[in-house]
Amino acid sequence: MSNHIRANAVLIGSTVVICCALYPLALFAVGLVFPSAAGGSLVNEKGESATADARGSRLIAQPFTSDEYFWPRPSAASYNATASSGSNWGANNPKLRDRVSQQLGPIIRYKKGSRSAGTGPDPRTPQQDIEAWFAAVPDRVATWAADATVGPANWVKTDYAAATDTAPEKYGLQGDYVTEWVKAHPEVKEEWQKANPDKTDEPKPEDLVALFFASFAKVYPAKWPGGNQPEGKTEKRIEPVASDAGIHANFFDLWLSDPANKDRVADLEPVPVDMVTASGSGLDPHITLRNALSVYQIDRVAQKRTASPADVERVKQGIAELARAKSFSPLSGLIGELLVNVLELNAELDKQFPLPAGR
């Protein structure tokens, strides 16, 4: 009996010493040998390892959105390290198609020298063709709002703030515009009430959005409710417009799927896959070198970091060489294609290609 008690006491004591003392001490020692990795691989504004004045972590994607920087992959976790996850949206999910359309519509380009772009000094853009296609049917916005499952609701809830314990729910510019429109056009609310006789609650802007766009198309055919900031004013307001980034974002997918645009679609510049797809974690700090050198990244960055239009090609070439120098192959080239860390690349951009004065 005493032998069993002694054996169990030794086992318990050994477990406590190993798990509570030796293992933590071993991790602490490894941390002393690799202090940067143990501290989260933080870097400063110069891209150097740092524990103070850190700009970000080499291991986590940063939400760069300015035109002078390379953009990371989209993130289903909003680049929040505590909410690491993927969206799990399939290729046919309308939410994924809408998100990709919103991203590509305003920036998609034609291949240089293609029939759609033309050979003149000012090449035609897909955005011009999307606007022309949009205007060709006066009530296209009403059809879109009636058929789409995601876009109209997302539009009306832009800048929406959910209610909290101390503040009521609050809509942004678009949501407030719908509310004011319905006040001035009571037939919109009446039509909704006829279609929903069992509902007694006051309809919200997202409930009325399809009827709102139908009413809007009758008053302003071939127009879009775009956000405009009048000169000298600090606040935006909604105005009916024929040209707006909202048209490019919301109607790009429909324009893409129209057989009448087949030839123009064939002339579009290919889009790198990792430019529009999120990683499984939502926090991948790398993009492919192919993505970095695509016209959607390097052309934009070079133009922002060039003082004179005549110098764009030289700066573009220098940035391309920098991106290649910062690239690496995973597992010594055994798998995948060349990658580049977006945070490190952008930090090096600021050192080697600072923004011209006034930008």
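Given the structure is predicted, the values throughout are model-derived calculations rather than measurements. Atom set for the values below is all heavy atoms of this structure, side chains included, hydrogens, waters and symmetry mates excluded.
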Where is the tightest heavy-atom contact between [X] and [Y], given as atom of each residue plus distance?
{"X": "P152", "Y": "V209", "answer": "O-CG2, 3.7 Å"}
{"X": "S114", "Y": "Y110", "answer": "OG-CB, 3.8 Å"}
{"X": "E131", "Y": "D244", "answer": "OE2-N, 3.5 Å"}
{"X": "Y171", "Y": "V156", "answer": "CD2-O, 4.0 Å"}

Counting only heavy atoms not in [X] (residues, nucleotides, ligands), do more than 12 fall under 6.0 Å from its [atom1]?
{"X": "Y23", "atom1": "OH", "value": "no"}
{"X": "K236", "atom1": "NZ", "value": "no"}
{"X": "E235", "atom1": "CD", "value": "no"}
{"X": "N8", "atom1": "CG", "value": "yes"}
{"X": "Q62", "atom1": "CD", "value": "yes"}

### Task
Answer yes or no: is there a donor N or O on one side and an acceptor on the other, between the side chain of S101 and the main chain of A249, under 3.5 Å?
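Yes; at least one donor-acceptor contact below 3.5 Å.
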### Task
Return yes if some donor-acceptor pair links the side-chain N/O of S57 with the main-chain N/O of L59 below 3.5 Å, else return no.
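Side chain of S57 to backbone of L59, a donor-acceptor pair under 3.5 Å: yes, one is there.
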### Task
Kindly indicate, with the supporting measurements, whether the criterion ring pair (Phe, Tyr, Trp, His ring centres under 6.0 Å) is fulfilled by H185 and F216.
CA-CA 10 Å; H185 300 80; F216 181 87; 9.5 Å; no
#### Entry: For V271, the option from I107, V276, N291 that meets side-chain contact (heavy atoms from CB on, under 4.5 Å)
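Only one option passes, and that is V276.
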### Query
Looking at K95, R99, Q102, R97, which one forms a side-chain contact (heavy atoms from CB on, under 4.5 Å) with V150?
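By the side-chain contact (heavy atoms from CB on, under 4.5 Å) criterion, V150 pairs with just one of K95, R99, Q102, R97: K95.
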Student check: side-chain heavy atoms of [X] and [Y] closer than 4.5 Å:
{"X": "K183", "Y": "E180", "result": "yes"}
{"X": "F134", "Y": "L254", "result": "no"}
{"X": "V301", "Y": "L349", "result": "yes"}
{"X": "L289", "Y": "E337", "result": "no"}
{"X": "L22", "Y": "V17", "result": "yes"}

### Query
Honestly curious: do F70 and Y296 fall in one hydrophobic cluster under the side-chain, below-4.5 Å linking rule?
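Unlinked, F70 and Y296 end up in two clusters.
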### Task
Test Y79 against I60 for side chain to side chain contact (heavy atoms under 4.5 Å, CB included), laying out the working first.
CA-CA 8 Å; Y79 306 100; I60 298 175; 5.9 Å; no
### Query
Do D98 and N154 have a side chain donor and acceptor closer than 3.5 Å?
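Distance-only check passes for D98 and N154.
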### Task
Could you check whether the rings of F213 and W144 sit parallel, tilted or perpendicular, using 30° and 60° as the cut-offs?
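Perpendicular: the ring planes of F213 and W144 meet at over 60°.
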Flag the pair [X] and [Y] as a salt bridge only when some basic side-chain nitrogen lies within less than 4.0 angstrom of an acidic carboxylate oxygen.
{"X": "E202", "Y": "K189", "result": "yes"}
{"X": "R109", "Y": "D299", "result": "yes"}
{"X": "D350", "Y": "R55", "result": "yes"}
{"X": "E348", "Y": "K351", "result": "yes"}

### Message
Just to verify, what does R300 make a side-chain contact (heavy atoms from CB on, under 4.5 Å) with, not counting sequence neighbours?
### Response
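Result, side-chain contact (heavy atoms from CB on, under 4.5 Å) vs R300: D67, W71, Q297.
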#### Entry: Partners meeting side-chain contact (heavy atoms from CB on, under 4.5 Å) with S87 (sequence neighbours left out)
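side-chain contact (heavy atoms from CB on, under 4.5 Å) list for S87, sorted by chain: A76, W89.
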### Task
Using the side chain to side chain contact (heavy atoms under 4.5 Å, CB included) rule, take E269 and I108 through it: C-alpha gap first, then chi angles, then the decisive distance, then the call.
CA-CA 7 Å; E269 280 279 2; I108 196 78; 5.9 Å; no
